[in-house]
Amino acid sequence: MECDKKYITIQQLEQHNKAGDLWVSINGKVYNVSDWSKYHPGGETPLLNLAGKDVTDAFTAYHPTTAWQYLNKFFTGYRLKDYEVSEVSKDYRNIIHEFTKAGMFENKGHTAVFTLTSVAAMFGFVFYGVLCCNSLWVHLCSAMVLGMAWIQSAYIGHDSGHYIVMSGHGWNKFVQLITGNCLTGNCLTGISIAWWKWTHNAHHIACNSLDYDPDLQHIPVFAVSSRLFNSVTSSFYGRKLEFDYMARILISYQHWTFYPIMCVARVNLYIQTLLLLFSKRQVQDRTLNIMGIIVFWTWFPLLVSWLPNWSHRVMFVLTSFVVTSIQHVQFCLNHFSANVYVGPPNGNDWFEKQTNGTLDISCSPWMDWFFDGCYGS
């Protein structure tokens, strides 16, 4: 039987590394996902970032066990002749196996239900405070609670987007609909799941790569590494991140501007959502996302307009945005202070670069709810 197997080398696999000719290897078996890439639930970008490479560790990390059964229809019949597993990858796979046996990846739906209930209660408080009270202090408290509701919606939306909070795909989809992803989520937060998937999956696949991870590409406002001073070309955006005169000025003061910008960073998420949804790029469920955004930009301005005067309105909006800055700072802490590199990750060093590029922040148990377990995003 061994004589009947066909083999190719890693160098031959690496030649199939572009759209329309996209091969990957999982556990030494080679798969052709050229046609499938455009239907990939996580988007085409993660596949393109690892095209022509071994993706065993990445596939294991971001797919449920049920996904393995679909691989055979993409099998080319080839295996890697020189397939080897690094010691780091061996350790990672052993850890995954032990954690799975211990039941540590089992979904705990009661946590999601608790979060959804708390989000509903917070939105109820916000609407009561704005519609039924005239006190400035009540309005400011309502704005703070709204910011917290947006934060918790983002956390549960993030986790359900990875399909990890409930027992099955259908229930996770329901949580997405409620919290931060798809139609109703867009209605609550104004941020599109299409934009989230586009950027976030690329971030996870190439965590802290200066040219492949969009979450580190903030030129001309911020620079997380001096390597960006050489005008790195973004593989994600398909353009050069110019370190020009304006970037030199802004970045030289980033230690002063960081926190003020975090206070209004949510505005950038709204802008990025609109730019993607109305671009020529292929977007999954574009109409559904746009409908959700329209609903958000209907109820939120109407709620703000119910406040008695412009001073209350401005303070309400700014306060709600400032509260969400806590989450923006948390995300930056998880990665900005970790190691960076240039280029895409390779199969055998993928897990190593994931851990090097992420800083876990350990908090007291009472802070777990507020910071969603203090995870590294």
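By convention here, the first residue in the shown sequence is residue 1. Values below: all heavy atoms of this structure, side chains included; hydrogens, waters and symmetry mates excluded. For clarity, every value in this text was computed on a predicted model and none was experimentally measured.
Aromatic rings from Phe336 and His218 are positioned such that their centres are separated by under 6.0 Å. Ring centroids of Phe316 and Trp137 are separated by 6.0 Å or more, keeping the two rings apart. Centroid-to-centroid, the aromatic rings of Phe236 and Trp198 come within less than 6.0 Å. Ring pair Phe300/Trp150: centre-to-centre distance below 6.0 Å.
With a 4.5 Å cut-off on side-chain heavy atoms, Phe296 and Thr189 do not count as touching. Under the 4.5 Å side-chain criterion, counting only non-hydrogen atoms from C-beta, Met291 is not in contact with Ile294. Considering only heavy atoms from C-beta on, Asp54 stays 4.5 Å or farther from Val24 through its side chain. Side-chain atoms of Leu216 and Val340, non-hydrogen and from C-beta on, do get closer than 4.5 Å to each other. Looking at heavy atoms from C-beta onward, Asp211 lies out of side-chain contact with Thr233 at the 4.5 angstrom threshold.
The cluster map of Ile, Leu, Val, Met, Phe, Trp and Tyr, joined by side-chain heavy atoms under 4.5 Å apart, puts Ile96 and Phe351 in the same cluster. Cluster membership for Val323 and Val314, using ILVMFWY side-chain heavy atoms within less than 4.5 angstrom, is not shared.
The aromatic rings of His200 and His204 lie perpendicular to each other, with more than 60° between the two planes, well past the 30° mark. Taking the six-membered ring for Trp and thresholds of 30 and 60 degrees, Tyr62 and Trp350 have ring planes more than 60 degrees apart, a perpendicular arrangement. Note: Phe321 and Tyr270 have tilted aromatic rings, judged against thresholds of 30 and 60 degrees for the angle between ring planes. Using a 30° and 60° split on the angle between ring planes, Phe222 and Phe258 fall in the tilted class, from 30° to 60°. Ring planes of Trp299 and Phe123: perpendicular class, angle over 60° (limits at 30 and 60°). His139 and His312 have perpendicular rings, their planes meeting at more than 60° on a 0 to 90° scale where under 30° would count as parallel.
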Practice task
Applying side-chain hydrogen bond (donor to acceptor under 3.5 Å, both in side chains), run through Ser192 and Asn289 and close with a yes or a no.
Solution key: CA-CA 6 Å; Ser192 166; Asn289 277 268; 2.5 Å; yes

Problem - Evaluation steps, side-chain hydrogen bond (donor to acceptor under 3.5 Å, both in side chains), between Thr9 and Asp82 - result: CA-CA 6 Å; Thr9 64; Asp82 43 1; 5.2 Å; no

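Under a cutoff of 6.0 Å and an axis angle of 45°, Arg239 and Tyr237 form a cation-pi pair. Taking the ring centre of Phe75 as origin, the terminal cationic atom of Lys29 falls inside the region bounded by 6.0 Å and 45° from the ring axis.
More than 12 non-hydrogen atoms from other residues, nucleotides or ligands lie less than 6.0 angstrom from CG of Asn94. Environment of CH2 in Trp306: sparse, with no more than 12 heavy atoms of neighbouring residues, nucleotides or ligands closer than 6.0 Å.
For the atom pair CG (Asp215) and NE2 (His203), the distance works out to 5.0 Å, reported to the nearest 0.5 Å. Rounded to the nearest 0.5 Å, atoms OG (Ser37) and NE2 (His40) are 9.5 Å apart.
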